[in-house]
Asker: 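Let me begin by handing over the structure; questions about it come next.
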Amino acid sequence: MLDPKSFRQNPQAVADALKKRGMDLDLSQYTALENDRRNLQLETENLQRLRKEASTEIGAARARGEDIQELVDGVQHVGSQLNAIQNEFRKVRDELAAFLLTIPNIPDESVPDGMDEEDNEVIAEVGEIPNFNFEVKDHVDVAQGLIDTDLASKLTGSRFSVIKGPVARLHRALTQFMLDTHVQQHGYEEIYVPYIVHRDSMEGTGQLPKFEDDLFRLDTEQPYYLIPTAEVPVTNIHRDEILSLNELPKKYVAHTPCFRSEAGSYGKDTRGIFRQHQFEKVELVHIVEPSKSWQALDELLSHAEQILKLLDLPYRLVTLCGGDLGFSASKTIDIEVWIPSQNRYREVSSCSNFLDFQARRAHIRYRPQVGQAPELAHTLNGSGLAVGRTLIALLENLQDVNGRIYIPEVLSGYLGGIDHINLSSEN
RNA sequence: GGAGAGGUGGCUGAGUGGUCGAAAGCACUGGUCUUGAAAACCAGCGAGGUUAACGCCUCCCAGGGUUCGAAUCCCUGCCUCUCCGCCA
């Protein structure tokens, strides 16, 4: 959520800034509402003060043993008056709050203009795109039946998968490797969290109220949701807290499954496990003091990149343009790994600085100095990395003509010391 | 699933209709004292809204209700804990 105060002071400036997202914010209704709010709040508070003073006086009079009936009669009408005005005030206030909740974060100045993916800005290409002197197989073919989406359809439906044998083990090894790297080399605290959260958590990080359609909701009495990313439970760990300065920065790494309805992506990426309703991700989350969040974004990004470097996979970095930016992010840098079968780079991580946008929704604060008033912290997150897509990249980039998969040295230890997997001989 | 207890400031915990945004202790901050530290003593110390500001208002899990007045009484919900049962 944006700062209501600065929004109020200059809503037009916010509307202008949001044009970078290709968004046309309608302020007409807001202005009227805000006017009402001010008047109603003033009236409400005046009546409250009136009642408070009268009640105090009644209390004092009664203590003196005086007859209070006349005084009581005098204020009785204030109550009903207050009730009416207050109800109106609350309605307006809630409407304003709801409106503010639907406004996305303001893009950082450095975010390039543009409407969609096409306008994203490539900032680096790292590693060498492999030259195959044979026809490359995509990950489904490379896996020789060990990635089985038909079987998953039998169990559940489309966009799910069953992964078997050595490929399943490779998938698990990747997860372990990512977690260990971030914990041991990048100083993260590993954390295990619920995969189901309630509404408040989803609002805290910005998935709700606007993007209910993207989520899986459980049919429970209380609204419960499957997490679309570990960002939700992990960032919300510190909801409604005031952290002391020496607790910052918080750096968490969590491995969770992620569940996304993928509404609106019918027909997209239908082959294999590229786009799934359920996938595994290792997620990095930072909570930092405001002055350090841009530096934190660089670090977070480098930590995620490091995984691809160690796996010997070619990738590029892309700054998302205004139109492609996620709702809560002020700036996002995607890491895209080379996918040979598609002959292009695809996203494996999205590293974002949310500034105080999530912190304001989730009330994540810190105290700059003992005795000083609390301030909102800044939050960031990024995948380190999406495991399924990294598996795809590995299978495709490191295949040879005989159907063998080269195993990077860093993974070898997780797979009993082998340096390749021979999938063709598995069948 | 059955039975009971409870949700108050960073923590412990008092408060059962008025002067309570809230005792006391701990923690923390500043000061006195000390070569320094500790102890002792003195002082300070919740969050939010609104306003140009003084100030005013709100908040004792959440939402309703009773009342001139609610942390305190009533209703609903959520959560936590204990015991029994069941269970990975």
Side-chain angles (χ1 to χ4, degrees), chain A residues 1-11 30-31 33-101 192-204 208 217-218 220-225 233 236-248 250 287 356 359-377:
Chain A
M1 191 166 83
L2 297 173
D3 179 17
K5 259 186 234 174
S6 45
F7 186 77
R8 190 181 309 130
Q9 274 161 15
N10 201 345
Y30 167 80
T31 314
L33 269 178
E34 173 53 27
N35 242 330
D36 287 352
R37 190 230 94 221
R38 180 192 288 254
N39 293 329
L40 288 168
Q41 179 162 356
L42 213 67
E43 272 185 86
T44 298
E45 290 184 359
N46 275 335
L47 287 169
Q48 281 174 332
R49 181 168 50 82
L50 218 68
R51 185 184 66 180
K52 201 170 164 183
E53 283 167 0
S55 296
T56 308
E57 178 53 32
I58 290 171
R62 210 190 55 159
R64 279 185 251 117
E66 298 169 9
D67 180 31
I68 58 172
Q69 196 50 50
E70 203 177 314
L71 289 169
V72 169
D73 291 345
V75 281
Q76 230 145 13
H77 72 282
V78 175
S80 51
Q81 210 181 332
L82 176 63
N83 233 310
I85 300 244
Q86 196 167 32
N87 279 339
E88 223 179 310
F89 166 58
R90 282 180 180 162
K91 219 179 101 194
V92 170
R93 185 197 56 188
D94 292 348
E95 244 175 279
L96 274 173
F99 173 70
L100 276 175
L101 277 180
Y192 172 84
V193 292
Y195 304 156
I196 297 173
V197 298
H198 57 39
R199 220 191 142 77
D200 284 355
S201 293
M202 286 294 184
E203 275 192 11
L208 290 178
R217 190 170 74 181
L218 301 187
T220 42
E221 213 166 310
Q222 291 303 311
Y224 276 169
Y225 299 85
N236 276 285
I237 285 172
H238 296 291
R239 193 175 68 243
D240 293 325
E241 283 188 11
I242 301 171
L243 299 154
S244 58
L245 191 57
N246 60 27
E247 290 177 86
L248 299 179
K250 289 277 186 193
I287 299 176
D356 61 10
R360 183 171 295 105
R361 289 173 160 242
H363 299 122
I364 303 169
R365 293 163 296 173
Y366 78 106
R367 207 177 288 281
Q369 225 176 352
V370 177
Q372 264 189 17
E375 286 177 21
L376 293 168

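Predicted model only: the values in this text are computed from it and were never measured. Lettering follows sequence order; numbering is per chain, from 1.
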Asker: Could you give the distance separating B:rA62 and B:rA71 at their C1' atoms, to the nearest angstrom?
Answerer: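 Going atom to atom, C1' in each nucleotide, I get 14 Å.
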
Asker: Measure from the side chain of A:Val72, starting at C-beta and using heavy atoms only, and say which of B:rU50, B:rC57, B:rC68 lies closest.
Answerer: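 The answer is B:rC68.
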
Asker: Whole angstroms only, please: what is the CG-P distance between A:Leu82 and B:rU67?
Answerer: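 It works out to 14 Å between those atoms.
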
Asker: Which atom pair, heavy atoms only, marks the closest approach of A:Asp200 to A:Asn236?
Answerer: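 Result for this residue pair: O-OD1, 4.2 Å.
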
Asker: Between C1' on B:rC68 and CD on A:Glu70, what's the gap in Å once rounded to a whole number?
Answerer: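 Computing the A:Glu70:CD to B:rC68:C1' distance gives 14 Å.
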
Asker: How close or far is atom P of B:rG63 from atom CG of A:Asn87, stated in whole angstroms?
Answerer: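 Taking CG of A:Asn87 and P of B:rG63, I get 14 Å after rounding.
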
Asker: With the side chain of A:Arg90 defined as its heavy atoms from C-beta on, choose the nearest nucleotide among B:rG18, B:rU19, B:rG64.
Answerer: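 Of the candidates, B:rG64 comes closest.
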
Asker: Considering only atom C1', compute the distance from B:rG55 to B:rG30 and round it to an integer number of Å.
Answerer: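 It works out to 28 Å between them.
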
Asker: Distance between the P atoms of B:rC83 and B:rG77, in whole angstroms?
Answerer: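 After rounding to an integer number of Å, I get 26 Å for this pair.
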
Asker: Using 4.0 Å as the upper bound for N to carboxylate O, is an ion pair formed by A:Arg64 and A:Glu57?
Answerer: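 Yes, A:Glu57 and A:Arg64 are salt-bridged.
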
Asker: Using atom P in both nucleotides, what's the gap between B:rC45 and B:rU29 to the nearest angstrom?
Answerer: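 16 Å, rounded to whole Å.
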
Asker: Given that A:Arg38 and A:Lys52 both sit by RNA chain B, which one's nearest nucleotide is further toward the 5' end?
Answerer: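 Here A:Arg38 is the residue nearer the 5' end.
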
Asker: For the side chain of A:Gln41, starting at C-beta, report the closest nucleotide among B:rU50, B:rC57, B:rC68.
Answerer: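 Of all the options, the side chain of A:Gln41 is nearest to B:rU50.
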
Asker: Could you state the atom-to-atom distance from CG of A:Asn46 to P of B:rG49 in whole Å?
Answerer: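 Between P of B:rG49 and CG of A:Asn46: 20 Å.
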
Asker: Less than 4.0 Å between a side-chain N and a carboxylate O, is that true for A:Lys91 and A:Glu95?
Answerer: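 Salt bridge flag = no for A:Lys91 with A:Glu95.
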
Asker: Going by side-chain contact (heavy atoms from CB on, under 4.5 Å), A:Thr44 matches just one of A:Glu88, A:Arg93, A:Gln86. Which one?
Answerer: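 Result: among A:Glu88, A:Arg93, A:Gln86, A:Gln86 is the only option passing the side-chain contact (heavy atoms from CB on, under 4.5 Å) with A:Thr44.
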
Asker: Roughly, in whole Å, what's the span from CD in A:Gln48 to P in B:rG49?
Answerer: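 My rounded result for the distance is 16 Å.
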
Asker: Within the structure shown, what part of the strands sits under 4.0 Å from A:Arg8 by heavy-atom distance: base, sugar-phosphate, or nothing?
Answerer: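 Counting heavy atoms under 4.0 Å across all strands, the contact made by A:Arg8 is with sugar-phosphate only.
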
Asker: In whole Å, measure the gap between the P atoms of B:rA38 and B:rU32 for me.
Answerer: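 It comes out at 14 Å once rounded to the nearest Å.
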
Asker: Just how far, in rounded Å, is C1' of B:rC56 from CD of A:Glu53?
Answerer: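 One finds 10 Å between C1' of B:rC56 and CD of A:Glu53, rounded.
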
Asker: Using purine N1 to pyrimidine N3 plus N6-O4 or O6-N4 for Watson-Crick, or N1-O2 and O6-N3 for G-U wobble, both under 3.5 Å, which nucleotide pairs with B:rG4?
Answerer: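 Check on B:rG4: paired to B:rC81, both distances under 3.5 Å.
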
Asker: Name the closest nucleotide to the A:Tyr224 side chain, picking from B:rC68, B:rC79, B:rU50.
Answerer: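 Ranking B:rC68, B:rC79, B:rU50 by closest atom to the A:Tyr224 side chain puts B:rC79 first.
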
Asker: Among B:rG48, B:rU50, B:rU58, which is the nearest nucleotide to the side chain of A:Arg365?
Answerer: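 Ranking B:rG48, B:rU50, B:rU58 by closest atom to the A:Arg365 side chain puts B:rG48 first.
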
Asker: Could you work out the separation of B:rG31 and B:rC79 based on their C1' atoms and round it to a whole Å?
Answerer: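 Looking at atom C1' only, B:rG31 and B:rC79 are 43 Å apart.
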
Asker: Taking a pair as Watson-Crick or G-U wobble with both distances under 3.5 Å, which nucleotide is matched to B:rC33?
Answerer: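 Check on B:rC33: unpaired, no WC or wobble geometry under 3.5 Å.
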
Asker: Taking the nucleotide of RNA chain B with the nearest heavy atom to each, does A:Glu34 or A:Ala60 sit closer to the 5' end?
Answerer: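 Its nearest nucleotide lies further toward 5', so the answer is A:Ala60.
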
Asker: Write down the distance separating the C1' atoms in B:rG15 and B:rA52, rounded off to the nearest Å.
Answerer: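 Approximately 40 Å lies between the C1' atom of B:rG15 and that of B:rA52.
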
Asker: Expressed as a whole number of Å, how far does the C1' atom of B:rC73 sit from that of B:rU16?
Answerer: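 To the nearest whole Å, 8 Å.
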
Asker: Looking at B:rC87, which nucleotide sits across from it as a Watson-Crick or G-U wobble partner, both distances under 3.5 angstrom, or is there none?
Answerer: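 Answer to the pairing question: none, since B:rC87 forms no Watson-Crick or G-U pair.
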
Asker: In terms of side-chain heavy atoms of A:Val75, which of B:rC68, B:rA47, B:rU51 is nearest?
Answerer: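 When the side chain of A:Val75 is considered, B:rC68 is the closest of B:rC68, B:rA47, B:rU51.
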
Asker: What are the two closest heavy atoms between A:Pro368 and A:Pro374, and how far apart are they?
Answerer: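 Distance-wise, the nearest heavy atoms are CD-CA, 4.4 Å.
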
Asker: Are any of A:Arg64's side-chain N or O atoms less than 4.0 Å away from OP1 or OP2 of B:rU19?
Answerer: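 So the side-chain polar atoms of A:Arg64 never come under 4.0 Å of the phosphate oxygens OP1 or OP2 of B:rU19.
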
Asker: For B:rG63, give the paired nucleotide (Watson-Crick: N1-N3 plus N6-O4 or O6-N4; G-U: N1-O2 and O6-N3; both under 3.5 Å), or none.
Answerer: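 Here B:rG63 is engaged in a pair, and the nucleotide opposite it is B:rC75.
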
Asker: Take the protein atom CD of A:Glu45 and the nucleotide atom P of B:rU58, then report the distance between them rounded to whole Å.
Answerer: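 The distance from CD of A:Glu45 to P of B:rU58 comes to 8 Å, rounded to the nearest Å.
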
Asker: Do A:Arg367 and A:Leu245 have side chains that get closer than 4.5 Å, going by heavy atoms?
Answerer: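 Side chain of A:Arg367 against side chain of A:Leu245, heavy atoms only: no contact under 4.5 Å found.
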
Asker: Please state whether the phosphate of B:rG49, meaning OP1 or OP2, lies under 4.0 angstrom from any side-chain nitrogen or oxygen of A:Arg93.
Answerer: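 No, outside the criterion.
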
Asker: Would you find a donor on one side and an acceptor on the other, under 3.5 Å apart, between the side chain of A:Gln41 and the backbone of A:Arg38?
Answerer: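 Flag not set: sc A:Gln41 to bb A:Arg38 has no pair under 3.5 Å.
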
Asker: Rounded to whole Å, please give me the gap between CD in A:Gln69 and C1' in B:rU67.
Answerer: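 Computing the A:Gln69:CD to B:rU67:C1' distance gives 13 Å.
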
Asker: From the set B:rA47, B:rC68, B:rG64, return the single nucleotide nearest to any side-chain atom of A:Ile242.
Answerer: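 My answer, after comparing the listed nucleotides, is B:rA47.
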
Asker: Identify the nucleotide, in any strand shown, that forms a Watson-Crick or G-U wobble pair with B:rC11, with both distances under 3.5 Å; if there is none, say none.
Answerer: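 B:rC11 is paired, partner B:rG25.
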
